[in-house]
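Worksheet: the structure to be examined is printed underneath.
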Amino acid sequence: MLKNASIDLGAHVKDKQDAISHLVDLMDKGGNLKDKAQYLKDVQAREASGTTGLGDGIATPHAKSDGVKAPGLAAMTIPEGIDFQSMDGNPARLFFAIAAPSGGNDEHLMILSKLATMIMDPDFKEALIKATTKEEFLKLIDDKEDGKFQTPESADSAPAPVSDHIQILAVTACPTGIAHTFMAAESLEQHAKKRGISIKVETNGSGGAKNVLTAEEIAKADGIIVAADKNVAMARFDGKKVVITKVADGINKADELIDRALGGQAPVYHATGGDAGGEGAADVSNESIGRQAYKHLMNGVSHMLPFVVGGGILIALAFLIDGFMVDLNSLPAEERGNFGSITPVAAFFKNTGGAAFGFMLPVLAGFIAMSIADRPGLAAGFVGGALSGANGSGFLGALLAGFLAGFIVNWLKKATEALPDALAGIRPILIYPLLGIFIIGIICTLIIGPPIAAINSWMIDSLSNMDPSAKVLMGALVGGMMAIDMGGPINKAAYVTGVGLLTQGNYYVIAAVMAGGMVPPLAIAFATMFFKNKFTENEVKSGPTNVVMGLSFITEGAIPFAAADPVHVIPPCVIGSALAGALVMMFGCTLMAPHGGIFVVPTIGNPLMYLVAIFAGAAVGAVALGMFKKAPQK
């Protein structure tokens, strides 16, 4: 994949942007591009979401782009180095650019994983930087791929391990499981090899755990290192001294980690409840409460997202089918509420999508609880999420139920530690699920549900009795409410009010409600397009999905983004939704259907201004997100 024409050794560039432009030129010379400008734009957009300066003198600018004709590589060396805003602050000297076509099935990520493991060998990296001809450069890569690479300096320098067991065990993991996972593993292996220390590294990459550590190896190991930015199976290390750190340290501080692991300077890890082999969080005693909560929350959101996306798109298709096949104006008012399931095909899509949506809250709460309390927390969390959906506390109730379920199960683990060893086996299969589900059931039914239901009822009564002359204020109020909890009780209070007034012949409030509910996903989609530096790479990729969600009046599409950063995401969405609702009332728009989004435009009075109101609210919300949202931590 790397051609002579795409290699420049000892290049002369003045700064980071010049380096990227030069690599794009090299890629173009290799015949891999069909639209050079588009590829450059996509590489720069990827760079804006987070530096590809990986540290240790290495940079890997890359993009999956419509401008790419065929997947390929370009390489460049700058022996003196340039500032590339690398993770460790060191100048970058070795560059590999990666290009993959948009339909390339993430081929650039597979290439990046392969490169990451190769170039973390310091001898190999230095040999590439010192290469004087392209033929020498390519031969070094061929030898490394074939396992034949060896330098005179490294051939005899590494003493052979003499221990009868593996001295160092390690686990590496990053949220995406593509580059850093394998770079950290390779770095630890290379540094251990140079020192004659035997090591085995388990990688928790995008394809699952590989090279998994065995119980026998763990029992005999002299030291254990966990370099991870996501939850990994930790209970198996119960009673062992474990160095727990971030994955970047595995790349840049390998020797220091090995010294700490072998020097006995790590604290003893204690698994709660002795649930060997369970999945859960690492020891987070050195992390802030906010970061711990964030990791638990992200575990729930990441598992919930497929249900939101898959179910939401199926529901959108249901409305699209009925929109083409049914004339709402010819239906009696009482039948319009069935829009989206009037025809059999539409009903199938809506029922299937609705079933997927039904798992959203249980999955969210269940995996939050699992992140806190390992596998025993899963059952209590699932039940708490299901009860939150049933009692009207919705998304916010499920969030709270997930955290409470995790804490409850952790408390049960500590409370039952004194049980005799003969009864230890029944704890994870009987005591934790039975008591955990029972306690969370009481809390959700008697403590969480009633106050939120009361708030819901109060809001419905207040909105129903509001002076109709205050239409603009009412539009802003119900529109903004649709974005506060995005499918939760406040959102549902506004929606139920709009539907109730619709049945009484008031077609204005439901129009403002639907406009307000369409804005949050659209605002987030626009923000991920125009303010990419404020979102993670995964958020940028999933952002366009919210266009479909927003146009389909599925506010829940914005939930994963709001859950990840509620303080900076919800207020801009509320501002945009409130503006849309107010404009709908000001323009006198009406709506004769209780749902359907863009697919029921034929039933809208003054449809052009209705669309203007929605996109004005989405634009304002997107700009506010760009102003207020903080860039993700590197």
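These numbers come from the heavy atoms of this one structure, side chains and all, not from hydrogens, waters or symmetry mates.
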Task: Over 12 foreign heavy atoms within 6.0 Å of NZ, K253 - done: no

>> Other residues, nucleotides and ligands only: do more than 12 of their heavy atoms fall within 6.0 Å of CZ on F348?
In response: no

Using the side chain to side chain contact (heavy atoms under 4.5 Å, CB included) rule, take I244 and M234 through it: C-alpha gap first, then chi angles, then the decisive distance, then the call.
-> CA-CA 10 Å; I244 300 173; M234 288 295 298; 3.8 Å; yes

Do the side chains of [Y] and [X] get nearer than 4.5 Å, heavy atoms only?
| X | Y | answer |
| --- | --- | --- |
| K534 | L625 | no |
| F553 | I598 | no |
| I251 | L188 | no |
| C444 | N391 | yes |
| V171 | V201 | no |
| T172 | E202 | no |
| L399 | L364 | yes |
| L378 | F382 | yes |

Compare every heavy atom of [Y] with every heavy atom of [X], then report the nearest pair and how far apart it is.
| X | Y | answer |
| --- | --- | --- |
| A483 | S577 | CB-OG, 3.4 Å |
| K200 | V212 | NZ-O, 3.0 Å |
| A525 | N546 | CB-CB, 4.0 Å |
| A512 | V478 | CB-CG2, 3.9 Å |
| S341 | K350 | CB-CD, 4.0 Å |
| I614 | A580 | CA-CB, 4.4 Å |

Say you draw a straight line from [atom1] of [X] to [atom2] of [Y]; how long is it, rounded to the nearest 0.5 Å?
| X | Y | atom1 | atom2 | result |
| --- | --- | --- | --- | --- |
| E217 | R236 | CD | CZ | 10.5 Å |
| K64 | R46 | NZ | CZ | 13.5 Å |
| I431 | I426 | CD1 | CD1 | 4.0 Å |
| E186 | T181 | CD | OG1 | 13.0 Å |
| T528 | K532 | OG1 | NZ | 8.0 Å |
| F535 | K630 | CZ | NZ | 15.0 Å |

*asked:* Apply side chain to side chain contact (heavy atoms under 4.5 Å, CB included) to residues F407 and W411 and explain how you reach the verdict.
replied: CA-CA 6 Å; F407 296 142; W411 174 79; over 6 Å; no

Donor-acceptor pair, distance only, cut-off 3.5 Å: does the side chain of [X] make one with the backbone of [Y]?
| X | Y | result |
| --- | --- | --- |
| D249 | T245 | no |
| K413 | P376 | no |
| S552 | V548 | yes |

Note to self: Apply side chain to side chain contact (heavy atoms under 4.5 Å, CB included) to residues V569 and F628 and explain how you reach the verdict.
What the structure shows: CA-CA 8 Å; V569 171; F628 299 139; over 6 Å; no

**Q.** Check against side chain to side chain contact (heavy atoms under 4.5 Å, CB included), I224 and Y269
**A.** CA-CA 10 Å; I224 297 171; Y269 177 78; over 6 Å; no

Exercise. Between K629 and F531, is NZ or CZ placed under 6.0 angstrom from the six-membered ring centre and within 45° of the ring axis?
Worked result: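 Negative - K629 is either too far from the ring of F531 or too far off its axis.
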
With F526 via ring-ring contact (aromatic ring centres under 6.0 Å, His included) - residues at least two apart =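 In terms of ring-ring contact (aromatic ring centres under 6.0 Å, His included), with neighbours along the sequence ignored, F526 is linked to no residue.
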
Residues in ring-ring contact (aromatic ring centres under 6.0 Å, His included) contact with F349, at least two apart in sequence or another chain
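Per chain and number, F349 pairs via ring-ring contact (aromatic ring centres under 6.0 Å, His included) with no residue.
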
